Amino acid sequence: MALKLGAYTACLHDRTLPEALDILKANGLTSVEVNTGGFIPSPHCPVDLLLSSATAREEYLALFAERGMELTGLNCNGNPLNPLPGVGPKHADDLRRTVRLAGLLGVRHVVTMSGTPGSDPDAKYPSWVVNPWDGVYMDVLDYQWGVAVEFWKEIDALARENGVRVAIEMHPHNLVFSPVTLRRLVEETGATNVGAEMDPSHLMWQGMDVIASIKWLGPLVFHAAAKDATLCPGADIRGVLDTSFTRVPADAPGKVPTGYGFWCNAWPENPAWKFVAVGLGNDVPFWTEFLGALAEIDPDMAVNIEHEDAAYSQTDGLALAAKNLHSAAAAL
């Protein structure tokens, strides 16, 4: 067995699925992850059709097989615990449907986020608590963890019923944003089919040791992303927890939705950190160590590139990341 190297196709959403797969294949990638809902649309996965038709599922999987590729993950990143009626219920439903679809397709892993509830039962907006030195925030966290545990017990049971494992991306603005909070969720729910998607980029800019995190989580790491990040000079005056973002106009082309009526904001001109192509934030020897740590847990694990380096085009950034990831794998 060997690690499955591939990519998440969200960076190629303006291409058809066959076109996106051909780009991945040209870069020597064989593992594929597609989006199925949540924050962003799913142009590479017709969820309704695939849920309703066995023939459609066979034809869909054939698109991958005929290229010598494997669909290794369905990605449904969103906030299923968001109290906004136009966000939380929709993302939660997308996740449930994705778990069922993964089971029908024989795809082992669903990638998502834990979500973040509001501060209390009457809250209108989600509330992310970090550094709760003031006692009132412990009350908020107690409420939020109660909401999360109830929801994730349900998702764990659904995943087990469908023969699927749910891999949570440890992403800031979520209740689970670190190895410690990931393990807490698993322990408090008693989950058997919920673990981690090891996206190292968010651990990097938060100052965590990625390799130590992988080893500490051990078999709770189900699936992985190859995504790099680097601190920038702006960190000198901003730190890594920065609110200096600005609104993107509603009529801006290419804005990224996060829910009905909401979308991603614009980064500061002098950010504290940014995403970069694999190998530009951390060198190839680091990525070799990263792959080696994953292989010790599961030598057959899927590691999918997630390209979000704004300095490179979709295809150029993906090609650079693939080149460096292949170099790292060759050094194992």
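None of the values given here were measured: they were computed from a predicted structure.
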The complete set of salt bridge (charged side-chain N to carboxylate O under 4.0 Å, His left out) pairs with one or both residues in residues 315-328, sequence neighbours excluded, reads none
Whether H171 and H202 hold their rings parallel, tilted or perpendicular, with breakpoints at 30° and 60° = tilted
Distance col, row D309:CG vs K274:NZ, nearest 0.5 angstrom, shows 7.0 Å
Near-ring test H44/Y60, centroid separation under 6.0 angstrom | no
When rounded to the nearest 0.5 Å, the distance separating CD1 of I155 from CZ of F151 is 3.5 Å
Any pair counted as side chain to side chain donor-acceptor pair (under 3.5 Å), so long as it reaches residues 100-115, sequence neighbours left out | H109-R165
Please report the C-alpha distance between T230 and L280 in whole Å, then the side-chain angles of each, then the deciding distance to 0.1 Å, and finally whether the side chain to side chain contact (heavy atoms under 4.5 Å, CB included) criterion is met.
-> CA-CA 8 Å; T230 187; L280 299 188; over 6 Å; no
Evaluate whether atom CD of E150 has more than 12 neighbouring non-hydrogen atoms of other residues, nucleotides or ligands under 6.0 angstrom away.
-> no
Value rounded to 0.5 Å, distance of CG in L182 from CG in L175 | 11.0 Å
N/O donor to acceptor pairs below 3.5 angstrom from side-chain atoms of residues 139-146, sequence neighbours left out:
residue	atom	partner	partner atom	Å
Q144	NE2	P117	O	3.0
Q144	NE2	G118	O	3.4
Q144	NE2	S127	O	2.5

Output field: ring centroids W205/F275 closer than 6.0 Å = no
Within residues 14-39 or reaching into it, pairs that qualify as ring pair (Phe, Tyr, Trp, His ring centres under 6.0 Å) - sequence neighbours excluded = F39-H91
Atom pair CG (N304) and OG1 (T72), whose distance is rounded to the nearest 0.5 Å | 4.0 Å
Hey, are the side chains of L203 and P179 touching, using non-hydrogen atoms and a 4.5 Å cut-off?
-> yes
Using atom types as modelled, flag every donor-acceptor pair under 3.5 Å from a side chain in residues 12-27 to any protein atom, sequence neighbours excluded.
residue	atom	partner	partner atom	Å
D14	OD1	Q314	NE2	3.0
T16	OG1	E19	N	3.2
T16	OG1	E19	OE1	3.3
E19	OE1	T16	N	3.0
D22	OD1	R67	NE	2.7
N27	ND2	I23	O	2.9

Test item: side-chain donor near acceptor, S42 and T36, under 3.5 Å | no
Measure the NE2-CE distance between H223 and M301 for me, rounded to the nearest 0.5 Å.
-> 9.0 Å
Flag side-chain contact, heavy atom, 4.5 Å: L5 against I305 = no
R97 CZ to L95 CG distance, which is reported to the nearest 0.5 Å = 11.5 Å
Going by atom type alone, with no hydrogens or angles, which donor-acceptor pairs under 3.5 Å involve a side-chain atom of residues 207-222 and a protein atom two or more places apart or on another chain?
residue	atom	partner	partner atom	Å
D209	OD1	I211	N	3.1
D209	OD1	A212	N	2.9
S213	OG	D209	O	2.9

Heavy-atom neighbours of E269 CD exceed 12 at 6.0 Å | no
Between Y8 and N35, does a side chain to side chain donor-acceptor pair (under 3.5 Å) hold up when you go through it step by step?
-> CA-CA 8 Å; Y8 174 35; N35 202 73; 2.6 Å; yes
Are more than 12 heavy atoms from other residues, nucleotides or ligands located less than 6.0 Å from atom CZ of F245?
-> yes
F290 vs F286 aromatic rings, parallel, tilted or perpendicular, using cut-offs 30° and 60°?
-> parallel
